[in-house]
Colleague: 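This is the structure I have questions about; it appears just below.
Note that the structure is a prediction, hence the values are computed from the model and not measured.
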Amino acid sequence: SGFYSYIFSSIFSEAAKRKYILNVLLLEKGDVKLTALKQCLDLEADGNILLAFTNEEIVKKFLKSNKPCILVDHEFKNLPIESVNINSYQASYDAVTYLYNKGHRKILFLNHFREWANPSRVNGVRNAIQDLKILQKNFYEIKMEPKEELAYEACVAMKGNLPPVTGIIGFSPDITFGFLRGLEKLGFKVPQDFSIISIGNINVEGSPKLSTVEFDLKLLGQIAVGRLIDKINGTNFCVANEMVRGNVTERGSVRDVSK
């Protein structure tokens with residue numbers, strides 16, 4: 001995905017600059033075959049960066065290899081391994097706050113159909129709604145798959161049954177952009193009729209005019225490499241979880257309705 005390609009690029013650049021050989025391993029979901037796992041464990045390198053490893057038993061095998069490891073985009077509080085992650089809770093909370101400060105009091109959340117995919121991101125939205133005292137009757141949620149075309153089709157299928165809101169927050173850029181396209185297909189204008197913001201980074205080249213809360217993925221990669229090199233050199237013994245904050249990037253898809 002674009003998210004991991006950004007991180008890969010940052011890690012490779014930082015490792016090359018600091019002249020270290022690191023294994024960067026991605027396991028987005030499911031188990032890996034034992035043969036493939038053994039190959040990964042036997043790879044020659046100074047250390048391992050594990051991207052999105054959610055299988056605790058596999059992480060334990062890497063820890064037993066006695067080669068320095070660090071997790072990226074996941075955390076195990078019960079294992080002695082450091083991690084670097086994006087702050088999804090803060091980003092989603094800030095997305096709601098951003099709409100609120102622009103005068104929006106009726107908000108739709110385009111949620112992932114599997115909430116456990118990123119509970120922090122979901123809780124950030126819901127807690128912000130509660131803290132800002134937005135009435136529950138003015139807060140709507142629609143769950144959908146994180147695919148642009150499916151979000152587009154879901155929006156078009158609603159036709160005249162769209163919730164009576166002014167502001168929309170998307171769980172991810174794919175969901176948000178698909179829904180935005182659906183709104184335009186139905187004859188609505190963004191941001192005149194609906195203001196919309198996404199959580200997560202989008203590709204700048206050819207990207208839509210979609211405001212987002214984006215993360216500094218270059219910084220995330222640099223932190224991961226730096227922490228791992230410290231472990232390799234024996235100067236980092238902590239098991240902390242460092243979080244990279246998100247920042248609002250305005251691209252013209254949110255209107256100030258308070259004026």
Side-chain angles (χ1 to χ4, degrees), residues 1-7 28-29 86 88 91-118 120-122 124-126 128-129 134 138-215 217 246-258:
S1 68
F3 176 80
Y4 291 117
S5 66
Y6 282 123
I7 297 176
E28 290 191 82
K29 56 186 176 181
I86 57 174
S88 285
S92 59
Y93 195 103
D94 285 358
V96 177
T97 303
Y98 179 75
L99 285 182
Y100 182 87
N101 290 339
K102 295 291 185 180
H104 298 275
R105 299 296 185 269
K106 296 182 178 181
I107 293 174
L108 167 64
F109 177 36
L110 306 174
N111 196 357
H112 195 297
F113 78 115
R114 293 193 182 105
E115 289 190 12
W116 49 262
N118 193 329
S120 294
R121 187 166 297 187
V122 176
V125 170
R126 291 174 180 168
I129 292 293
I134 294 174
N138 292 331
F139 175 58
Y140 301 82
E141 280 192 42
I142 298 175
K143 295 181 180 180
M144 55 186 64
E145 291 192 48
K147 296 179 181 179
E148 182 183 322
E149 285 305 314
L150 293 180
Y152 166 79
E153 293 169 5
C155 180
V156 172
M158 291 180 191
K159 295 183 180 178
N161 296 317
L162 286 165
V165 300
T166 60
I168 300 172
I169 298 170
F171 179 93
S172 68
D174 288 341
I175 288 176
T176 315
F177 184 44
F179 203 85
L180 186 155
R181 286 177 49 219
L183 291 173
E184 293 176 338
K185 176 68 174 180
L186 293 173
F188 295 105
K189 294 183 179 180
V190 174
Q192 291 87 343
D193 298 315
F194 292 99
S195 291
I196 189 164
I197 186 169
S198 175
I199 305 161
N201 298 47
I202 60 175
N203 185 357
V204 176
E205 294 184 11
S207 64
K209 292 182 178 179
L210 176 63
S211 297
T212 56
V213 182
E214 297 197 349
F215 305 95
L217 300 182
N247 295 289
V248 173
T249 300
E250 296 183 343
R251 294 192 181 89
S253 65
V254 175
R255 183 168 68 96
D256 191 337
V257 297
S258 64

Colleague: Please tell me if the side chains of Pro146 and Ile175 come closer than 4.5 Å, counting only heavy atoms from C-beta onward.
Modeller: yes
Colleague: Could you please spell out the steps behind the side-chain contact (heavy atoms from CB on, under 4.5 Å) verdict for Leu186 and Leu162?
Modeller: CA-CA 11 Å; Leu186 293 173; Leu162 286 165; 4.2 Å; yes
Colleague: Can you name the residues that form a side-chain contact (heavy atoms from CB on, under 4.5 Å) with Ser253, not counting sequence neighbours?
Modeller: Val190, Ile196, Leu210, Ser211
Colleague: If the plane angle is over 60° it's perpendicular, under 30° parallel, otherwise tilted; pick one for Phe109 and Phe139.
Modeller: parallel
Colleague: Looking at Gly182 and Tyr152, what are the two nearest heavy atoms and their distance?
Modeller: N-CD1, 3.4 Å
Colleague: For residues Ile129 and Ile107, determine if any side-chain heavy atom of one lies less than 4.5 Å from a side-chain heavy atom of the other.
Modeller: yes
Colleague: Are Leu110 and Met144 close enough that some pair of their side-chain heavy atoms sits under 4.5 Å apart?
Modeller: yes
Colleague: Once you round to the nearest 0.5 Å, how far does NE2 of His112 lie from CG of Asp174?
Modeller: 10.0 Å
Colleague: Compute whether any side-chain donor of one residue and acceptor of the other, for Ser258 and Asp256, lie under 3.5 angstrom apart.
Modeller: yes
Colleague: Over all heavy atoms of both residues, which pair between Ile199 and Ser92 is shortest? Give the atoms and the distance, please.
Modeller: CD1-CB, 3.5 Å
Colleague: Within the structure provided, determine whether Glu214 and Asn201 are in side-chain contact (heavy-atom separation under 4.5 Å).
Modeller: yes
Colleague: Measure the spacing between CG of Leu99 and NZ of Lys106 and express it to the nearest 0.5 Å.
Modeller: 15.0 Å
Colleague: If you take all heavy atoms of Arg105 and Thr166, which pair is closest and at what distance?
Modeller: N-OG1, 4.4 Å
Colleague: What do the steps show when you test Ile168 against Thr176 for side-chain contact (heavy atoms from CB on, under 4.5 Å), and what is the final call?
Modeller: CA-CA 9 Å; Ile168 300 172; Thr176 315; 5.8 Å; no
Colleague: Is a donor on one side and an acceptor on the other found under 3.5 Å between the side chain of Arg121 and the backbone of Phe171?
Modeller: yes
Colleague: Would you compute the distance between atom OG of Ser172 and atom CD of Glu148 and round it to the nearest 0.5 angstrom?
Modeller: 10.0 Å
Colleague: Find out whether Ile142 and Met158 are in side-chain contact, i.e. whether some heavy atom of one side chain is under 4.5 Å from a heavy atom of the other.
Modeller: yes
Colleague: Measuring from atom CG of Leu150 to atom SG of Cys155, what distance do you get when rounded to the nearest 0.5 angstrom?
Modeller: 13.0 Å
Colleague: Heavy atoms, side chains only, cut-off 4.5 Å: are Lys102 and Tyr98 in contact?
Modeller: yes
Colleague: Do Arg181 and Glu149 meet the salt-bridge criterion of a basic N to acidic O distance under 4.0 Å?
Modeller: yes
Colleague: If you measure from CG on Asn247 to CG on Asp94, what distance do you get to the nearest 0.5 Å?
Modeller: 8.0 Å
Colleague: Which heavy atom of Val213 sits nearest to which heavy atom of Ala95, and what is that distance?
Modeller: CG2-CB, 3.9 Å
Colleague: Quick one, Arg126 and Asn111 - any side-chain contact, counting heavy atoms below 4.5 Å?
Modeller: yes
Colleague: Does the Arg255 side chain pair with the main chain of Phe194, one donor and one acceptor, at a distance under 3.5 Å?
Modeller: no
Colleague: Would you name the heavy atoms of Phe215 and Ala91 that are closest together and state the gap between them?
Modeller: CZ-CB, 3.4 Å
